[in-house]
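Notes to accompany the following structure.
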Amino acid sequence: MESLFGDQDFLDKNSGNNFADIILPVPIPRMFTYRIPSALKSEIQIGLRVIVQFGKKKVLTGIIGKVHNKPPQAYDAKPILDILDSEPSVNPLQIRFWVWMAEYYFCHIGEVMFAALPSGLRLSSESKIQVNPNFDPDTSKYPLDIREEKILEALENQAELSYEDCEKILGIKTIHPIIKSLVAKEAILIFEKVQDKYTPKVETRIRLVPEIAKDKNALQAVFEAVQGKPKQESILLKFLRDIPVFQRPELNEKGLDKATLLEEGDSESSLKTLIKNGVFESFKQIVNRIEEVEAERKAYALSSSQQAAFDEIKGHFETKQTVLLHGVTGSGKTEIYIQLIEEVIDSGSQVLLLLPEIALTTQIVGRLKQVFGSKMGVFHSKYSDNERVEVWNGVLSGRFPFVVGVRSSIFLPFDSLGLVIIDEEHEPSNKQFDPAPRFHARDAAIMLAYFHQAKTLLGSATPSFESYSNASQGKYGYVSLDHRFGDATLPEFHLANLSADRKKNLLKLDSTRLLREKIQQALDQQQQVLIFQNRRGYSPYVQCEDCGWTGQCVQCDVSLTYHQFAEELRCHYCGYKEKIPQSCPACGSTQLSLEGMGTERIEESLSLLFPEARLGRMDLDTTRNKHGYQRILDEFAAGQIDILVGTQMITKGLDFGNVSVVGIWDGDRILNFPDFRSGERAFQQITQVAGRAGRREVKGQVIIQSRKPENEVFENIIRGDYLEYFRQEMMDRKKYYYPPYVKLIKITTRHTDFKTAEKAAHALHHQMAKIPIKKIVLGPEKGVIARIKNQYQLESLIKLEKSGVTQSVFKENLTRIIEELQAVPDFRSVRWVVDVDPS
Ligand code: ADP
Ligand code: ZN
Ligand code: ZN
């Protein structure tokens with residue numbers, strides 16, 4: 001019964017906050033307000049996991065995002081049912097970051113939570129049932145049938161039952177109808193049982209029993225006892241080799257991992273006998289999955305120009321949050337990072353270094369490991385969930401004051417970041433395309449640093465236009481390093497004219513005479529060669545010479561790509577595959593030919609042109625398994641490969657001393673990126689690949705093959721004139737309203753029926769037109785790929801002026817518009833995907 005004065009909680013102003021906003025794993029773009037019962041008040045903290053009732057019949061687990069004193073307007077707040085943790089799972093800075101991300105990137109906070117928590121920490125739930133405490137069988141309006149009564153009987157003995165338990169009790173397969181009926185009769189409640197999915201790694205360890213470990217005579221007796229039993233003797237000897245029990249008794253204490261003890265093929269059953277006979281004992285221990293590595297070297301002393309850059313960076317940090325370090329390839333940026341990182345962790349703060357696809361940059365990780373050893377956590381994209389949880393916990397416990405990671409490492413539970421470094425800040429892969437949140441790791445990291453009052457350092461040899469223009473307007477500090485470390489010089493460029501060579505009959509298997517000559521020279525001098533082929537939009541496909549038929553994916557509007565290795569045609573978007581047809585499915589002709597030129601074809605051509613050379617190839621297909629990438633790199637480093645052909649993968653962060661020639665197989669393709677950023681990307685890509693050549697004593701040579709070598713982009717790249725290039729491109733960006741002059745938002749409308757998708761997209765445009773702000777709306781147009789996985793896609797592009805107010809007005813209206821459209825019966829299954837700052 002409520003008191004005359006209403007709920008005590010409402011009156012009790014002094015004891016702090018009465019309401020909490022909870023982040024729930026539901027696809028609704030907001031948090032939900034619940035009442036904090038007095039009994040829980042002293043324990044309530046942001047970041048704790050709690051249990052709440054959601055809707056009429058569901059119990060959910062969520063995270064407290066905010067505590068406050070404002071009762072919700074539209075509904076009566078229900079009470080929080082219980083608190084799950086004694087310590088918060090996430091800290092208030094993380095929640096603030098999630099809230100910002102959901103707002104800025106226009107997604108649900110539940111989606112951010114989902115991306116942020118490693119699945120090992122996620123709230124995995126299993127539905128269970130319990131008796132509804134308000135249910136009274138004697139007064140209930142609804143009589144129960146026999147089976148329903150049986151379930152209730154079982155619930156008298158057990159507080160909760162899983163669906164599976166119920167199925168067993170009744171001996172039937174489909175329990176849902178019965179549960180549904182019980183819920184409708186208000187006899188039971190459904191709730192979600194939360195479990196931690198993380199499982200610690202447990203090792204079995206073996207040690208000598210203490211009586212033997214302490215007593216040489218006892219050990220002697222054991223040896224006598226195993227005489228004539230060579231298998232047992234061998235295990236004993238191996239153990240004593242690894243663990244000198246008498247000199248180092250503490251090692252026996254810790255024991256030897258069983259797998260190590262048996263690694264030389266000793267028999268497990270003999271070990272069992274030794275344990276049974278009281279020689280060894282075995283015990284279990286929780287161990288780290290991420291192995292400890294000790295630091296091997298001190299940071300290098302900086303050269304005078306590196307030192308000057310270092311000092312300048314720190315100078316800018318006095319007044320600015322963010323600094324752009326524009327340093328040519330091989331200028332020694334990494335060594336500068338190392339010095340900065342050392343300073344910050346010595347002062348007790350945390351550091352995050354973001355790298356694109358860390359698996360692809362094992363070299364740099366190795367270099368950092370040498371200096372930072374076990375203080376450094378690595379957050380891979382190929383890590384297992386359990387490994388991710390260990391990095392997460394390592395950040396929480398202080399084991400890793402420094403983390404190197406891919407873009408999702410911005411979600412780790414840092415509580416006192418001092419510095420965030422984003423290496424290769426221009427990389428397109430910093431942007432997450434799918435699923436939501438579609439964030440840009442650089443921009444999000446700058447925001448994260450801001451919440452921590454930390455500094456941000458952006459590093460690149462070819463800065464993004466966004467960052468460079470921020471620097472030139474003075475928003476960021478700017479520091480440049482314009483020559484390579486040591487005696488290394490920047491490479492020399494050559495343009496090789498494909499059309500001219502074709503006319504003169506000098507072209508062989510699509511390679512120009514100049515490229516062949518340079519490769520031959522390198523081979524003659526035992527130097528290495530990298531051949532780069534841009535993957536994007538350029539894959540080999542099979543075409544009928546008679547009717548023009550090409551293999552198309554059955555679910556997507558794209559041509560299938562030819563894979564020689566498996567003799568297959570594959571779709572790169574959905575994974576669909578089929579065998580190569582013997583004859584044309586359309587006209588029956590057997591004249592099927594291969595068009596386009598992938599890395600696989602180039603490798604083949606080169607092996608014909610340079611039969612003595614040892615070839616290697618690095619692309620998605622050769623690096624699919626976990627160690628593929630590392631293996632190829634190791635072979636290349638060991639000089640077992642003379643010519644390495646590869647995609648974008650060979651451009652990132654590779655630092656090999658013996659590469660003298662870099663060939664760009666098809667320079668024109670790089671320019672044909674269907675996007676306003678094509679020029680910027682071409683400049684970045686060619687400069688990055690070229691940057692792999694001549695990084696030590698040998699001079700580097702870069703050969704760009706092109707049909708139109710007179711293109712002025714090449715001119716600027718060759719002169720290394722970033723600034724001039726930037727100026728020219730920025731004029732176009734301004735004229736045609738593109739970033740960084742405007743803010744872009746892309747909205748994709750998706751549906752399986754083209755007419756419906758089209759109607760929905762037009763309805764969206766109609767509504768957006770009414771939003772009272774200055775904007776340009778383009779489209780709707782068919783997407784670059786009109787259909788993916790059977791969903792038609794129409795794209796709309798919105799250009800907004802760069803003001804915070806404009807953007808928030810637009811986003812608020814967009815939320816409402818999409819909600820309203822979703823309520824239209826025809827559009828119920830239409831999906832709208834919003835991408836802020838698409839790249
Ligand atoms: P960037 O990251 O700018 O491309 P790196 O940091 O990879 O350049 O440096 C290029 C090469 O020069 C690397 O092999 C690196 O080990 C070496 N190097 C850079 N700075 C120093 C230094 N201060 N002392 C010794 N070697 C250095
Ligand atoms: Zn045909
Ligand atoms: Zn497909």
Side-chain angles (χ1 to χ4, degrees), residues 328-332 363 367 461 483-498 500-501 506-533 599 601-619 622 630-647 649-667 685-706 709 714 717-720:
V328 297
T329 54
S331 56
Q363 243 189 342
R367 275 166 71 186
H483 59 269
R484 285 186 156 177
F485 176 77
D487 296 329
T489 50
L490 284 167
E492 192 180 291
F493 282 87
H494 308 271
L495 280 165
N497 193 329
L498 283 163
D501 270 28
L506 291 172
L507 213 56
K508 280 193 197 160
L509 299 169
D510 290 314
S511 70
T512 53
R513 185 171 69 178
L514 184 64
L515 181 62
R516 293 194 304 272
E517 277 172 11
K518 294 287 179 190
I519 293 176
Q520 193 58 56
Q521 277 168 22
L523 294 176
D524 291 345
Q525 294 167 38
Q526 273 86 47
Q527 289 160 353
Q528 290 170 300
V529 177
L530 287 176
I531 300 290
F532 171 73
Q533 172 68 326
T599 39
R601 264 290 286 280
I602 296 174
E603 185 189 11
E604 198 181 285
S605 304
L606 289 169
S607 70
L608 296 171
L609 294 167
F610 304 99
E612 290 93 68
R614 291 162 302 172
L615 282 152
R617 173 161 62 92
M618 172 123 76
D619 55 24
T622 58
Q630 192 55 48
R631 190 179 41 77
I632 297 170
L633 280 190
D634 289 346
E635 285 176 20
F636 195 67
Q640 292 157 1
I641 294 175
D642 302 312
I643 307 177
L644 182 61
V645 182
T647 55
M649 283 185 184
I650 63 168
T651 67
K652 283 170 199 159
L654 296 192
D655 183 33
F656 291 111
N658 196 34
V659 176
S660 65
V661 169
V662 165
I664 294 173
W665 196 260
D666 190 341
Q685 214 163 61
I686 294 180
T687 310
Q688 291 289 343
V689 199
R692 302 310 117 206
R695 290 174 73 90
R696 301 284 192 286
E697 302 79 37
V698 293
K699 173 93 188 156
Q701 312 248 16
V702 179
I703 296 92
I704 307 175
Q705 300 201 113
S706 166
F714 294 131
I717 293 174
I718 288 171
R719 278 192 285 130

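This is a predicted model, so every value here is computed, not measured.
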**Q.** For A693 against V662, the heavy-atom pair lying closest together
**A.** CB-CG2, 3.6 Å

Q) Taking side chain as C-beta onward, heavy atoms only, is R692 less than 4.5 Å from F656? A) no

Q) Is there a side-chain contact between I602 and F532 (heavy atoms, below 4.5 Å)? A) no

Q) Can you check whether L530 reaches V689 side chain to side chain, under 4.5 Å on heavy atoms? A) no

**Q.** Residue list, salt bridge (Lys or Arg N to Asp or Glu O under 4.0 Å) with D642, at least two apart or on another chain
**A.** R614

(Q) Is there a side-chain contact between I664 and I686 in this structure, where contact means two heavy atoms from C-beta onward sitting under 4.5 Å apart? (A) yes

Q: Could you verify whether a donor N or O on one side chain and an acceptor N or O on the other, from T329 and R484, lie under 3.5 Å apart?
A: yes

**Q.** Exercise: identify the closest heavy-atom pair between I703 and A496
**A.** CG2-CB, 3.9 Å

**Q.** Donor-acceptor pair, side chain of D666 and main chain of I704, under 3.5 angstrom
**A.** no

**Q.** Contact check, side chains of F714 and S706, non-hydrogen atoms, under 4.5 Å
**A.** yes

Q.
Ignoring hydrogens and geometry beyond distance, is a side-chain donor-acceptor pair present between D619 and T647 at under 3.5 Å?
A. no

Q | Closest contact, heavy atoms only, N497 versus P709 | A | ND2-CG, 3.4 Å

Q: Write down the atom of E603, the atom of V645, and the distance for their closest heavy-atom approach.
A: CA-CG2, 4.2 Å

Q: Looking only at non-hydrogen atoms, find the nearest pair between D510 and Q705 and report the distance.
A: O-NE2, 3.3 Å

Q: May I ask you to decide if V661's main-chain N or O and Q527's side chain share a donor-acceptor pair within less than 3.5 Å?
A: no

Q | side chain to side chain contact (heavy atoms under 4.5 Å, CB included) involving R516 - partner list, sequence neighbours excluded | A | K508, S511, R513, L609, F610

Q) Which pair of non-hydrogen atoms, one from I650 and one from I531, has the smallest distance, and what is that distance? A) CD1-O, 3.6 Å

